[in-house]
**Q** 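Once you've had a glance at the structure underneath, I'll fire off some questions.
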Amino acid sequence: MAEAYDLSTIADEEIFVVSGFTHPVRGRVVCPAAPLVAAWMAGQGCPAPVREFAPGTIGRPSATIGSARSGVLATTTYLDLDGRAVGIAVAGGSRRAELAEDVVRRWSRTLRTRRALVALTSRPCGYGRGGRPPLPERSGPEGDLGNDGEEVCRAARTVDATVRSYLDRGDTVLLLGHRDDRRRPGPAGRETVPRPAGSVVEVGGPEAVAGLEVKDESRISFVVRPCAVVEEIVPLLRELRHRYPELRGQHPDQWCYVASDARWAYRAVAEASDLTLLTGKAEPHPAVLAGGGSPRRIRSLAELLPDEIAPAATVGLVATDDGLAEADQDAVTVTDILEVLAGLGPLSIVHRRVRTDVSTNIYENAPITLP
């Protein structure tokens with residue numbers, strides 16, 4: 001419902017975006033999208049602060065939006081599923097009345113029932129900071145904590161022990177998978193894995209296999225770096241086993257699926273979205289870019305345009321800086337976007353998570369019932 005109300009208590013040149021006001025029929029109206037509208041106006045060269053509208057200051061209704069000749073409160077409102085009144089409102093003095101009405105008219109076109117599809121991923125374990133596996137220094141009810149006081153996942157703790165056992169028997173240990181250097185660095189220069197007889201060689205991907213030099217090919221083992229993408233490890237292992245037939249390695253139960261699960265969660269969100277918004281400074285996983293959904297990075301609310309939002313019935317949200325050092329505290333977050341989308345029509349928030357379960361019991365997840 002689009003309306004305009006005369007205002008006599010606003011200066012001729014004044015204009016502001018309303019965060020809430022009292023409607024004469026619907027009562028209290030909240031405006032969650034006010035920060036988005038204000039950011040967009042600032043980006044258009046028309047800065048306007050966000051203010052609460054004092055009760056009892058609305059005048060008589062104007063004939064229609066577009067006919068204002070004095071100060072005006074331009075609004076569009078709707079009833080959310082919980083019965084509360086939600087809207088978009090801009091107040092402008094006599095010289096800003098047409099602008100206020102134009103802003104509300106433009107943003108009114110974005111109102112629709114909408115779904116926000118949020119990719120949920122586990123936090124990376126932090127394995128490999130400083131170049132070597134972090135050994136837990138202390139334990140607590142939440143799990144083992146690494147050198148920098150952060151929780152270390154079970155796979156990282158298991159890899160520590162496995163690497164030690166292979167080194168103790170004199171093997172060359174191939175540490176498979178790329179180390180993500182975007183992760184927060186751990187204590188610099190600390191060596192956490194002793195090398196009594198063997199050595200550890202990092203093999204990020206197939207491109208590193210050709211340059212490998214192993215003195216004793218009968219004493220060579222591998223471990224998979226936690227948070228490596230398992231789908232990238234499998235072809236790498238295939239090539240290594242072809243080159244080193246006596247290659248031994250850890251049991252697959254010790255592999256970490258955090259990165260693989262994140263990859264599929266990202267892709268599932270992108271594939272199911274009309275518009276995919278990426279927050280953070282880190283580069284998005286290729287799975288996001290390959291999933292469709294018109295992925296676009298958002299660094300501020302001003303970059304979220306009404307013509308872009310209006311046709312999007314499903315908006316995908318992916319935080320690329322989850323657990324990363326260079327996350328920008330001042331940048332827009334997934335929560336920021338959800339809050340303003342809640343003011344652009346009834347919103348359903350759906351969390352998409354992919355989880356891989358590992359079991360050594362062949363009957364635990366069997367699809368059949370044995371007699």
**Q** Decide side chain to side chain contact (heavy atoms under 4.5 Å, CB included) for R95 and I15; before the verdict, give the C-alpha distance in whole Å, the side-chain angles of both, and the deciding distance to 0.1 Å.
**A** CA-CA 9 Å; R95 296 182 182 177; I15 188 168; over 6 Å; no
**Q** Considering only NZ, NE, NH1 and NH2 on the basic side and carboxylate oxygens on the acidic side, decide whether R241 and E246 come within less than 4.0 Å.
**A** no
**Q** Could D357 and R355 be called an ion pair, given the rule that one side-chain N must be under 4.0 Å from one carboxylate O?
**A**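 Looking at R355 together with D357, the answer is yes, because their closest N to O distance falls below 4.0 Å.
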**Q** Does a donor on one side chain sit under 3.5 Å from an acceptor on the other, for R51 and S19?
**A** no
**Q** Main chain of K215, side chain of R219: is a donor-acceptor contact present, judged purely on distance under 3.5 Å?
**A**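 A pair under 3.5 Å: no.
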**Q** Is a side-chain donor or acceptor of D336 paired with a backbone partner of T333 at a separation under 3.5 angstrom?
**A** yes
**Q** Taking atom types as modelled, find out whether W264 and E231 have a side-chain donor-acceptor pair closer than 3.5 angstrom.
**A**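 W264 vs E231: donor-acceptor pair found between side chains.
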**Q** May I ask you to decide if I10's main-chain N or O and E14's side chain share a donor-acceptor pair within less than 3.5 Å?
**A** no
**Q** Does the side chain of H23 come within less than 4.5 Å of Y5's, by heavy atoms?
**A**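 A side-chain contact exists here, since the closest heavy-atom pair is under 4.5 Å.
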**Q** Following the transitive rule for hydrophobic clusters with a side-chain heavy-atom cut-off under 4.5 Å over Ile, Leu, Val, Met, Phe, Trp and Tyr, establish whether I88 and L79 coincide in one cluster.
**A**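 No: no chain of side-chain contacts under 4.5 Å links I88 to L79.
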**Q** Do L344 and L81 sit in one hydrophobic cluster, given that two such residues count as connected whenever their side-chain heavy atoms are within less than 4.5 Å of each other, even indirectly?
**A**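 Not linked; separate clusters.
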**Q** Given the rule in the side chain to side chain contact (heavy atoms under 4.5 Å, CB included) test, do V354 and Y257 qualify, once you have shown the distances and angles that lead to the verdict?
**A** CA-CA 10 Å; V354 175; Y257 289 86; over 6 Å; no
**Q** How about P346 and Y78: do any of their side-chain heavy atoms sit closer than 4.5 Å?
**A**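 Of all side-chain heavy-atom pairs linking Y78 with P346, at least one is under 4.5 Å.
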**Q** Looking at V224, is its backbone amide N or carbonyl O close enough to the side chain of Q250 to form a donor-acceptor pair, meaning the two atoms are under 3.5 Å apart?
**A**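 Between the backbone of V224 and the side chain of Q250 there is a qualifying donor-acceptor contact (under 3.5 Å).
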**Q** Can you list the steps and then say if S348 with R115 is a side chain to side chain donor-acceptor pair (under 3.5 Å)?
**A** CA-CA 5 Å; S348 174; R115 181 176 68 145; over 6 Å; no
**Q** According to a hydrophobic-cluster definition based on side-chain heavy atoms being under 4.5 Å apart (Ile, Leu, Val, Met, Phe, Trp, Tyr only), do V358 and V234 belong together?
**A** yes
**Q** Please find the pair of heavy atoms, one from A89 and one from F21, that lie closest to each other, and give the distance.
**A** CB-CE2, 3.7 Å
**Q** Any non-hydrogen side-chain atom of V18 less than 4.5 Å from a side-chain atom of L73?
**A**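 SC-SC contact between V18 and L73 confirmed.
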**Q** State whether the side chain of T276 and the backbone N or O of P295 hold a donor-acceptor pair below 3.5 Å, judged by distance alone.
**A** no
**Q** For the residue pair S199 and L167, what are the closest heavy atoms and their distance?
**A** N-CD2, 3.5 Å
**Q** How close do A39 and A302 get, counting heavy atoms only, and between which atoms?
**A** O-CB, 3.4 Å
**Q** Looking at A313 and D274, what are the two nearest heavy atoms and their distance?
**A** N-OD2, 3.0 Å
**Q** Looking only at heavy atoms, which two atoms of A91 and A100 are closest? And how far apart?
**A**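 It is C-CB, 4.3 Å.
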**Q** Examine distances only and state if a side-chain atom of D12 and a backbone atom of G93 form a donor-acceptor pair shorter than 3.5 Å.
**A**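 Checked: no pair found.
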**Q** Looking at L117 and S273, what are the two nearest heavy atoms and their distance?
**A**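 Closest heavy-atom pair between L117 and S273: CD2-OG, 4.1 Å.
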**Q** Do V258 and T121 make a side-chain contact, defined as non-hydrogen atoms from C-beta onward lying under 4.5 Å apart?
**A** no
**Q** Taking D261 for the side chain and T356 for the main chain, is one N or O donor matched with an acceptor at less than 3.5 Å?
**A**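 Here the side-chain-to-backbone pair exists.
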**Q** Strictly distance-based, threshold 3.5 Å: is any side-chain N or O of D80 a donor or acceptor partner for the main-chain N or O of D82?
**A** no
**Q** Can a salt bridge be assigned to the pair R225 and E202 using a cut-off of 4.0 Å between side-chain N and carboxylate O?
**A**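 Salt bridge: yes.
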**Q** I would like to know whether R243 and E239 meet salt bridge (charged side-chain N to carboxylate O under 4.0 Å, His left out); could you show each step before the answer?
**A** CA-CA 6 Å; R243 180 169 177 178; E239 186 169 347; over 6 Å; no
**Q** Distance-only, no hydrogens or angles: does the T77 side chain make a donor-acceptor pair with backbone N or O of V86 under 3.5 Å?
**A** no
**Q** Report the distance from atom CG of L174 to atom CG of L212, rounding to the nearest 0.5 Å.
**A**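 Atom-to-atom, L174:CG and L212:CG are 6.0 Å apart.
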**Q** Going by an N to O cut-off under 4.0 Å, is there a salt bridge joining R267 and E271?
**A**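 Between E271 and R267 there is a salt bridge, with a charged N closer than 4.0 Å to a carboxylate O.
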**Q** Using salt bridge (charged side-chain N to carboxylate O under 4.0 Å, His left out), reason through E13 and R96 one step at a time and then give a plain yes or no.
**A** CA-CA 6 Å; E13 294 288 347; R96 295 297 189 98; 3.6 Å; yes
**Q** Taking the basic N atoms (NZ, or NE/NH1/NH2) and the acidic carboxylate oxygens, is any pair closer than 4.0 Å for R296 and E308?
**A**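 Salt bridge flag = yes for E308 with R296.
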**Q** May I have the step-by-step check of side chain to side chain contact (heavy atoms under 4.5 Å, CB included) for V318 and T279, ending in yes or no?
**A** CA-CA 6 Å; V318 174; T279 67; over 6 Å; no
**Q** Begin from the C-alpha positions of D168 and S165 and carry the test side chain to side chain donor-acceptor pair (under 3.5 Å) through to its verdict.
**A** CA-CA 5 Å; D168 286 343; S165 67; over 6 Å; no
**Q** Salt bridge check: are R248 and D171 linked by an N-O gap of less than 4.0 Å?
**A**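 The answer is yes: the pair qualifies as a salt bridge.
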**Q** May I have the step-by-step check of side chain to side chain contact (heavy atoms under 4.5 Å, CB included) for I349 and L338, ending in yes or no?
**A** CA-CA 8 Å; I349 301 176; L338 289 174; 4.2 Å; yes
**Q** Going by distance alone, is a donor N or O of one side chain under 3.5 Å from an acceptor N or O of the other, for R169 and S221?
**A** yes
**Q** Are E52 and R28 ion-paired here, with the side-chain N under 4.0 Å from a carboxylate O?
**A**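 Yes, this pair counts.
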